[in-house]
Amino acid sequence: MSTVTPTTSDEVLAAVQWALAEEAPLEIVGHGSKRGIGRPLQAEHTIDLSKLTGVTLYEPAELVLSARSGTPLAEIEKLLADNDQRLDFEPMDYGPLLGEAPGRGTIGGTLAANLAGPRRLKAGAARDHILGIHAVSGRGEAFKSGGRVVKNVTGYDLSKVMAGSWGTLAVTTDVTFKVLPAAETETTLIIRGLLDDNATAAMSIAMGSSAEVSSAAHLPERMAGRVLDGKLGGDPATLLRVEGFGPSVAYRLGQLRQMLGNAGPLEEVAEEASRTLWRDVRDVRPFSDGSDKPVWRISMPPANAHHMVLALRMQAAADAFYDWQGGLVWLRMEGEPEAELLRALIRKFGGGHATLVRAAPAWRAAVPVFEPQPTALAALSARIKAEFDPKAILNPGRMVHSPDSATLASAAEGAMS
């Protein structure tokens with residue numbers, strides 16, 4: 001087993017071309033903060049992008065930043081913060097949840113995993129902010145898509161195809177993202193003591209109001225005590241974040257207090273305490289306990305999620321909390337992942353998808369980690385994979401059981417017919 005650590009895009013191209021000629025599977029990593037997500041790989045060789053670093057373009061006035069893929073996300077966020085700007089989609093840090101140190105994620109991994117945070121409903125995810133990429137496909141061909149300006153369309157938007165592909169289509173070497181001004185201030189209004197159903201209703205009222213709530217989450221009993229260094233105590237806490245200019249924030253908080261004053265006791269946390277609170281929600285701090293107990297990331301209709309969780313708890317031991325107005329459920333199982341039961345309940349309560357983001361390697365090998373796709377969509381995914389990586393050398397089997405090259409060749413012929 002060997003590891004290649006390129007420092008230039010040409011070295012990445014050479015490494016992929018060698019692997020293609022040898023039909024040698026490659027694992028693609030940055031700093032490894034998300035290495036534990038997906039099926040365990042059996043790749044003989046690794047391309048380590050941790051030395052492919054550096055911001056290559058930053059124009060604050062134009063709201064554009066370009067960097068090499070291995071550049072630490074923490075370094076980019078600091079640069080933006082120093083200029084009162086931010087990545088508005090608020091990418092999460094999987095490191096603490098997976099037993100790694102915080103701050104090890106890279107900007108390339110941000111796109112590969114299509115990261116997002118609590119501001120997802122308002123700001124979207126990485127795919128909604130990517131402007132352009134340079135990459136090397138599994139065919140051993142360098143290509144680029146998009147550009148360095150916000151209004152830029154050049155053929156198919158391959159940049160968005162890379163979002164959420166987990167390194168299975170191409171090795172991204174350079175990325176360009178749109179950035180936005182940071183909010184002048186933020187305050188979180190907290191409603192205490194609500195059960196999950198009432199919290200869902202309160203979040204729906206808040207997000208549908210003119211108060212321009214940027215994030216809404218609910219921490220059930222005991223979950224609240226696991227964020228903000230325990231300062232919230234153990235009672236349920238429903239969180240509503242308001243951002244912007246000071247007078248505007250104060251006015252909108254007043255609106256929320258008037259609308260929700262009868263829901264339960266109200267509290268506020270502001271500025272750095274509020275930012276820390278939402279980082280803890282974003283990075284799943286309630287379940288970052290150093291264990292390998294299975295943790296699921298579930299996306300489904302907000303009005304139905306708490307019903308699904310209740311039904312699951314009738315049959316299996318689990319803890320849960322809610323982000324994205326209730327539409328994102330973080331679920332920790334006390335025993336087995338219970339994949340079949342969980343996915344059956346998700347289908348019963350309105351549909352959605354579940355990703356097993358933490359589990360022991362044996363479970364990740366045995367359980368479909370990513371949501372199984374319907375037949376037609378799975379066929380389309382196979383054809384895309386065949387076009388980008390016909391020999392199946394890039395992160396083979398990470399997302400689904402890896403087909404052999406003959407199967408991919410057949411899919412590629414179908415794509416061109």
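- Judged as a side chain to side chain contact (heavy atoms under 4.5 Å, CB included), and not counting sequence neighbours, the contacts of Pro265 are Arg192.
- For Lys78, the salt bridge (charged side-chain N to carboxylate O under 4.0 Å, His left out) test picks out Asp82, with sequence neighbours left out.
- When only modelled atom types and interatomic distance are considered, Thr188 and Trp278 share a side-chain donor-acceptor pair under 3.5 Å.
- The structure places CG of Leu63 at 10.0 Å from CG of Leu131, a figure rounded to the nearest 0.5 Å.
- You'll find the side chain of Pro236 stays beyond 4.5 Å of the side chain of Leu195, heavy atoms only.
- The main-chain N or O of Ile130 is never found under 3.5 Å from a side-chain atom of Ser159 such that the two would form a donor-acceptor pair.
- Interatomic distance, Ser165 OG to Arg127 CZ, rounded to the nearest 0.5 Å: 11.5 Å.
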Solution key, residues 298-315 side-chain donor-acceptor pairs under 3.5 Å, sequence neighbours excluded:
residue: Asn304; atom: ND2; partner: Phe349; partner atom: O; Å: 3.1
residue: His306; atom: ND1; partner: Thr200; partner atom: OG1; Å: 3.4
residue: Arg313; atom: NE; partner: Ala318; partner atom: O; Å: 3.2

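- Using a 4.0 Å cut-off between a side-chain N of Lys or Arg and a carboxylate O of Asp or Glu, Asp323 and Arg120 do not qualify as a salt bridge.
- In this structure, the side chain to side chain contact (heavy atoms under 4.5 Å, CB included) partners of Pro25, at least two apart in sequence or on a different chain, are Ala43, Pro396.
- Looking only at side-chain heavy atoms (C-beta outward), Pro286 and Val227 come within less than 4.5 Å of each other.
- Listed here is the closest heavy atom pair of Ala182 and Arg86: CA-CD, 3.9 Å.
- A heavy-atom distance below 4.5 Å is not found between the side chains of Asp389 and Ser137.
- Listed by first and then second residue, the side chain to side chain donor-acceptor pair (under 3.5 Å) pairs that reach into residues 349-363 are Asp289-Arg358, Ser291-Arg358, sequence neighbours excluded.
- In terms of heavy atoms, Val16 sits closest to Gly138 at CG1-CA, 4.5 Å.
- Side-chain N or O atoms of Asp93 include one that pairs as donor or acceptor with a backbone N or O of Gly95 at under 3.5 Å.
- Legend: ring pair (Phe, Tyr, Trp, His ring centres under 6.0 Å) pairs involving residues 368-387, not counting sequence neighbours, sorted by first then second residue: Trp166-Phe370.
- Arg285 and Pro102 make their closest contact through NH2-CB, 4.4 Å (heavy atoms, listed as atom of the first residue, atom of the second, distance).
- Within 6.0 Å of CZ on Phe143 lie more than 12 heavy atoms contributed by other residues, nucleotides or ligands.
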May I have the list of side-chain donor-acceptor pairs in residues 248-263 shorter than 3.5 Å, sequence neighbours left out?
residue: Ser248; atom: OG; partner: Arg252; partner atom: NE; Å: 3.0
residue: Ser248; atom: OG; partner: Arg252; partner atom: NH2; Å: 3.2
residue: Arg252; atom: NE; partner: Ser248; partner atom: O; Å: 3.3
residue: Arg252; atom: NH1; partner: Ala211; partner atom: O; Å: 3.3
residue: Arg252; atom: NH1; partner: Glu212; partner atom: O; Å: 3.3
residue: Arg252; atom: NH1; partner: Glu243; partner atom: O; Å: 3.3
residue: Arg252; atom: NH2; partner: Glu243; partner atom: O; Å: 2.5
residue: Gln255; atom: NE2; partner: Ser210; partner atom: OG; Å: 3.2
residue: Arg257; atom: NE; partner: Glu268; partner atom: OE2; Å: 3.1
residue: Arg257; atom: NH2; partner: Glu268; partner atom: OE2; Å: 3.3

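- Considering Thr53, Asp174, Thr173 in turn, Asp174 is the only one that fulfils the side chain to side chain contact (heavy atoms under 4.5 Å, CB included) rule with Arg68.
- Legend: residues meeting salt bridge (charged side-chain N to carboxylate O under 4.0 Å, His left out) with Glu100, ordered by chain and number and at least two apart, are Arg104.
- The list of ring pair (Phe, Tyr, Trp, His ring centres under 6.0 Å) pairs with a residue in residues 66-109, not counting sequence neighbours, reads Phe89-His129, Phe89-Phe177.
- Side-chain N or O atoms of Arg364 include one that pairs as donor or acceptor with a backbone N or O of Gly36 at under 3.5 Å.
- Counting only distance, with no hydrogens or angles, the side chain of Asp280 and the backbone of Leu228 share a donor-acceptor pair below 3.5 Å.
- In this structure, Glu387 does not pair ionically with Lys385, as no charged nitrogen and carboxylate oxygen lie closer than 4.0 Å.
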query = When you look at Thr168 and Val400, which way does the side chain to side chain contact (heavy atoms under 4.5 Å, CB included) test go after all the steps?
reply = CA-CA 10 Å; Thr168 61; Val400 295; over 6 Å; no
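- Evaluation of the side chain to side chain contact (heavy atoms under 4.5 Å, CB included) rule for Ala67 yields Val55, Leu65, Thr71, Ile76, Ile107 as partners, not counting sequence neighbours.
- Looking at Glu334 and Lys293, their side chains come closer than 4.5 Å, going by heavy atoms from C-beta outward.
- Atom CD of Glu340 sits in a sparse spot, with 12 or fewer heavy atoms from other residues, nucleotides or ligands closer than 6.0 Å.
- When all heavy atoms of Pro60 and Asn83 are compared, the closest pair comes out as CG-OD1, 4.1 Å.
- Here CZ of Arg297 is found 12.5 Å from CD of Glu371. Values are rounded to the nearest 0.5 Å.
- Across every non-hydrogen atom of Ala15 and Val4, the tightest pair is CB-CG1, 4.2 Å.
- One finds the OG atom of Ser214 at 9.0 Å from the CG atom of Asp88 (value rounded to the nearest 0.5 Å).
- Distance alone, capped at 3.5 Å, is enough to place a donor-acceptor pair between the Arg343 side chain and the Ala354 backbone.
- Remark: side-chain polar atoms of Arg398 are paired, donor with acceptor, to backbone N or O of Ile37 under 3.5 angstrom.
- For the side chain to side chain contact (heavy atoms under 4.5 Å, CB included) with Phe321, the lone residue among Asp196, Val329, Val281 that qualifies is Val281.
- For Ser204 (side chain) and Ala201 (main-chain N/O), no donor-acceptor pair under 3.5 Å exists by modelled atom type.
- Taken to the nearest 0.5 Å, the CG atom of Leu219 stands 13.5 Å off from the CH2 atom of Trp330.
- The main-chain N or O of Arg241 is never found under 3.5 Å from a side-chain atom of Ser215 such that the two would form a donor-acceptor pair.
- Every residue two or more places apart in sequence or in another chain that forms a salt bridge (charged side-chain N to carboxylate O under 4.0 Å, His left out) with Glu271 is listed here: Arg275.
- A salt bridge does not link Glu77 with Arg279: none of the charged nitrogens is closer than 4.0 Å to a carboxylate oxygen.
- A pairwise comparison of heavy atoms in Arg332 and Phe287 identifies N-CE1, 3.8 Å as the closest pair.
- In this structure, Ile28 CD1 and Arg35 CZ are separated by 10.5 Å, a value rounded to the nearest 0.5 Å.
- Residues satisfying the side chain to side chain contact (heavy atoms under 4.5 Å, CB included) criterion with Thr3, sequence neighbours excluded, are Thr5, Thr46, Asp48.
- Two residues are said to be in side-chain contact when any heavy atoms from C-beta on lie closer than 4.5 Å; Ile190 and Leu239 meet this criterion.
- Results of the side chain to side chain contact (heavy atoms under 4.5 Å, CB included) test with Arg226 over Asp319, Leu232, Val284 single out Asp319 as the only residue that passes.
- In the displayed structure, Glu184 atom CD is contacted under 6.0 Å by more than 12 heavy atoms of other residues, nucleotides or ligands.
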